[in-house]
Number of protein chains: 2
Amino acid sequence: MRKTNVITPFKKLSHVHQQCADSALSVAEETCNSRGVRLTKLRRRVLELVWSSHEPIKAYDILDILRNERSGSAPPTVYRALEFLQDEGMVHKIESLNSYVGCGAPAHNHASQFLICHSCGAVAEMDDIDIRNLIADKAADMGFKIDKEIIEVKGICSQCSGEYSSDKKC
Amino acid sequence: MRKTNVITPFKKLSHVHQQCADSALSVAEETCNSRGVRLTKLRRRVLELVWSSHEPIKAYDILDILRNERSGSAPPTVYRALEFLQDEGMVHKIESLNSYVGCGAPAHNHASQFLICHSCGAVAEMDDIDIRNLIADKAADMGFKIDKEIIEVKGICSQCSGEYSSDKKC
DNA sequence: AAAATATATGTTATATTATAACATAACAAA
DNA sequence: TTTGTTATGTTATAATATAACATATATTTT
Ligand SMILES: [Zn+2]
Ligand SMILES: [Zn+2]
Ligand SMILES: [Zn+2]
Ligand SMILES: [Zn+2]
């Protein structure tokens, strides 16, 4: 069994989140440049808002912020930006929460398994090849050809369960 | 690796669906009786509508039918019945489709992995212990304690991919 | 640079999904 | 049969998302 490929881990309280966001934004700019797609000011700002925490954010929460910044902001403003960002792999939708999280590895296409802490709300992302392979095998047994997997695991993260008592909050 | 526990397989065109529905309804009645909860006429009818096919059904499609049958039907009518049926394990929500499917094994609590054919819309349900264990192991590596897993796999079922050419449609 | 084209955003309206809150009815227990 | 409990009816509204068309901005071609 290979090691899990952790794309976005649960973070310690001590982590400097601005670094996550800055890093994501600059990877996004490079990636968009190399792909010849446009990370416009609006899209960049929406991505920034998605990265404002490690908790998934709702479209209308983004909209509430945008309305204070750009007149004429409306639902399509947000949904179109989110659609672009999802298409480019910068953002993933958490289906079970109708919410959106930033992707820690937007440059390459991948599957995702999300771990969602229902205590602190934080989301970790992995792309675990063992899980992918096992599901593919089991699906193949039933003659099913996979296009996309949605895996959203709910529970309690290590910070919230107090496993690391020196750093209680996520 | 154990054999996959298939709760609801993809069905052949030749299958008599009324049997699925009848069976589900009678298991539901027994299960509710033994639990001392009430499968009222309304709840029973909603379950029947959920079982009207192997494709997930939308709450408002149920409502459209109920409105022709019971005056006073309104969104809460449907959502309350669905909530009961979900709580009792008779129905599962497919989060990525905002839709509902009948469970083929409501009598005992289980995890689910859904295979969703985006050609014919049919949904198969499994509870595969290997998948559950692997995800639990990987999550444990990250210090994460699982409460519930949402696994919705999109792709093409065997009937639609023509693997069984004698019985093309699901 | 100007015109033409393509892409992105603004704007208004509406569709879809889901819940809150309170009233009445049906059922179960005492 | 009265009392309490659970289920349903009813009205209203919240939350999530898309359609359709107008305008603006960016890119390419002339
Ligand atoms: Zn961070
Ligand atoms: Zn947590
Ligand atoms: Zn059937
Ligand atoms: Zn199919």
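Atom set for the values below is all heavy atoms of this structure, side chains included, hydrogens, waters and symmetry mates excluded. As the structure is a computational prediction, the values presented were derived from the model and not from experiment. Every chain is numbered from 1, with letters handed out A, B, ... down the list of sequences.
- In this structure, N98(A) atom CG and dT18(D) atom P are separated by 10 Å, rounded to whole Å.
- Judged purely by distance below 3.5 Å, without hydrogens or angles, the side chains of H92(A) and Q86(A) never pair a donor atom with an acceptor atom.
- Using a 4.0 Å cutoff on non-hydrogen atoms, the parts of residues 73-89 of chain A near DNA chain D are P75(A), P76(A), Y79(A), R80(A), ordered by number.
- For residues 58-67 of chain A, proximity to DNA chain D is found at K58(A), Y60(A), defined as any non-hydrogen atom under 4.0 angstrom from a strand atom.
- Straight-line distance from the CD atom of E95(B) to the P atom of dA17(D): 12 Å, rounded to whole Å.
- Near DNA chain D, meaning a heavy atom under 4.0 Å away, the residues from residues 29-50 of chain A are R38(A).
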Check step by step if side chain to side chain contact (heavy atoms under 4.5 Å, CB included) holds for M90(B) and R43(B). CA-CA 10 Å; M90(B) 316 281 168; R43(B) 290 165 175 175; over 6 Å; no
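- Below 30°, between 30° and 60°, or above 60°: for H54(A) and H15(A) the angle between ring planes is between 30° and 60°, a tilted geometry.
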Go through the steps to decide whether T4(A) and D128(A) satisfy the test side-chain hydrogen bond (donor to acceptor under 3.5 Å, both in side chains), and finish with yes or no. CA-CA 5 Å; T4(A) 298; D128(A) 189 286; 2.8 Å; yes
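- For the pair R70(A) CZ and dA24(D) P, the interatomic distance rounds to 15 Å; values are reported in whole Å.
- Atom CD of residue Q159(B) and atom SG of residue C120(B) lie 8.0 Å apart, to the nearest 0.5 angstrom.
- Results of the side-chain contact (heavy atoms from CB on, under 4.5 Å) test with L47(A) over L42(A), V91(A), L82(A) single out V91(A) as the only residue that passes.
- A salt bridge does not link E83(B) with R80(B): every distance from a Lys NZ or Arg NE/NH1/NH2 to an Asp or Glu carboxylate oxygen is 4.0 Å or more.
- Remark: R35(A) engages E88(A) in a salt bridge, criterion side-chain N to carboxylate O under 4.0 Å.
- With salt bridges taken as basic N to acidic carboxylate O contacts below 4.0 Å, none links D147(B) and K154(A).
- Salt-bridge check for E29(A) with R44(A): passed, with a basic side-chain N closer than 4.0 Å to an acidic carboxylate O.
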